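Each remark here refers to the structure printed beneath this line.
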Amino acid sequence: MENIVNKIGKLSSLLTKYIGVIITFFSVLAFFWQDGFAWTTRYTSVFLGVAMFGMGLTIHMGDFQVVFSRPKEVIIGCVAQYTVMPLVAWILAVVFHLPQDLAIGVILVGCCPGGTASNVITYIAGGDVALSVGMTIVSTLAAPLMTPLLVYSLAGAWVEVSFWAMVLSVVKVILIPVLLGILLRSLFGKQIQKISDILPLISVVSIVMIISGIVANNAEKIVSCGVLVLGVVMLHNLFGMGIGLLAAKLLKVEYSRTTAIAIEVGMQNSGLAVSLATANFAANPLATLPGAIFSVWHNISGSIFAGIRRRGMNTEQ
């Protein structure tokens, strides 16, 4: 049994490391084999809840210590997360005169907390992983208030936003699963530790299913407006990483922590954006598209950025 767990753990590590490639592969597959993946959109919230539960299971109570041991960096990352990305999203929506559905989708992405993929990319980049995890935890726990508040404030120009309905959505698919995972980890730490290597696989499979379903159900629309959305998504992500990097440098943050902050700011929990669009903006079906494309792109750009920062780290040393 232990041998099987070890093999699955190695597979999990491999798939997590190349999650950008995996998402891209299944997105292309879903585009051409729509019937095979279209059904998954009925369970978007379930998949995201499972992914966040998996995240909760990986969190030690000791991980919260980083919030107090490195408050400056955590504050910089989280403040940038909830200012830079929402404002850049709103500016891009206005500048590019995005249609209502796409504007909502881009703003939803911008208002979401950091995603677990940022922790993996930070590890690949040689950045401060503990800081990355700490920022993800804080921004995720703040999401039930910050995400609905920001979406309500910024997307209100395009569509009526139900603040409390969105709060409830975030609590159900983010806060409760994460806290449940943390609770189980604290109660059954030794047992969970034995399968800790395979836990990231839960999040990988869940996110792949969410994105594949969105691509399958919007294949024709991707053809008609995919280039525009991809362009906006790329700018959004690159501005986030760039401004996060600049802010950390100006505030004289150490190299590995600067790397973690830049990645955390630029990489969003786009699965949450897709889930919120599905649950709260059913009348705007294309609102799910920016989140789906962001999930593919930010893993690709994050991996490239990680390679650049790792080489830069060697130069610094």
Side-chain angles (χ1 to χ4, degrees), residues 8-9 11-58 105 108-109 112-121 136 140 143 169-170 172-174 176-178 180-181 195 197-222 226 229 233 267-282 285-300 302-303:
I8 297 176
L11 175 64
S12 174
S13 177
L14 182 66
L15 294 179
T16 302
K17 183 177 181 180
Y18 295 103
I19 187 173
V21 177
I22 302 298
I23 290 176
T24 302
F25 172 79
F26 276 95
S27 296
V28 172
L29 182 61
F31 182 85
F32 291 103
W33 184 34
Q34 296 158 29
D35 293 341
F37 293 92
W39 61 273
T40 63
T41 53
R42 297 197 296 270
Y43 305 99
T44 296
S45 295
V46 175
F47 282 126
L48 182 61
V50 169
M52 300 316 296
F53 175 69
M55 174 188 170
L57 287 175
T58 65
L108 277 170
V109 171
C112 284
T116 53
S118 64
N119 308 149
V120 178
I121 297 298
T136 300
T140 297
S169 294
V170 180
K172 287 194 297 185
V173 301
I174 293 288
I176 292 177
V178 168
L180 182 59
I195 60 168
D197 288 343
I198 69 174
L199 293 177
L201 187 60
I202 297 174
S203 296
V204 170
V205 172
S206 298
I207 295 301
V208 166
M209 288 296 98
I210 291 172
I211 304 311
S212 298
I214 297 302
V215 171
N217 281 282
N218 293 279
E220 293 181 4
K221 294 169 184 174
I222 289 174
V229 178
V233 160
M267 297 186 71
Q268 303 293 86
N269 187 339
S270 46
L272 174 60
V274 171
S275 180
L276 291 177
T278 303
N280 296 277
F281 299 98
L286 272 182
T288 59
L289 195 55
I293 293 179
F294 196 97
S295 289
V296 177
W297 169 253
H298 79 167
N299 282 289
I300 296 171
S303 298

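Note that the coordinates shown come from a computational prediction; the quantities given were computed from them, not determined experimentally. Scope of the values below: all heavy atoms of this structure, side chains included, with no hydrogens, waters or symmetry mates.
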Applying side chain to side chain contact (heavy atoms under 4.5 Å, CB included), can you list everything that pairs with [X], at least two apart in sequence or on another chain?
X      : result
Ile300 : Thr24, Val296, Trp297, Ile304
Ser275 : Thr44, Ser45, Leu48, Val173
Thr40  : Phe47, Met209
Asn280 : Ala165, Met166, Ser169, Leu276

Please round to the nearest 0.5 Å and tell me the distance separating atom CG of Leu108 and atom CG of Leu272.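 Answer rounded to 0.5 Å: 8.0 Å.
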So Ser303 and Ile121, do their side chains get closer than 4.5 Å, heavy atoms only?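 Side-chain contact under 4.5 Å: yes.
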When you compare the side chain of Thr140 with that of Val178, does any pair of heavy atoms fall below 4.5 Å?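 Contact flag for Val178/Thr140 side chains = yes.
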Determine the minimum heavy-atom distance between [X] and [Y], stating which atoms define it.
X      : Y      : answer
Cys112 : Ala273 : SG-N, 3.6 Å
Gln268 : His298 : O-CE1, 3.1 Å
Ser212 : Ser27  : OG-N, 4.4 Å

What residues form a ring-ring contact (aromatic ring centres under 6.0 Å, His included) with Trp33, not counting sequence neighbours?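 Residues passing ring-ring contact (aromatic ring centres under 6.0 Å, His included) with Trp33: Phe37.
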Could you pull out all donor-acceptor pairs under 3.5 Å where a side-chain atom in residues 286-293 meets a protein atom, sequence neighbours excluded?
unit_1	atom_1	unit_2	atom_2	d
Thr288	OG1	Pro285	O	3.1

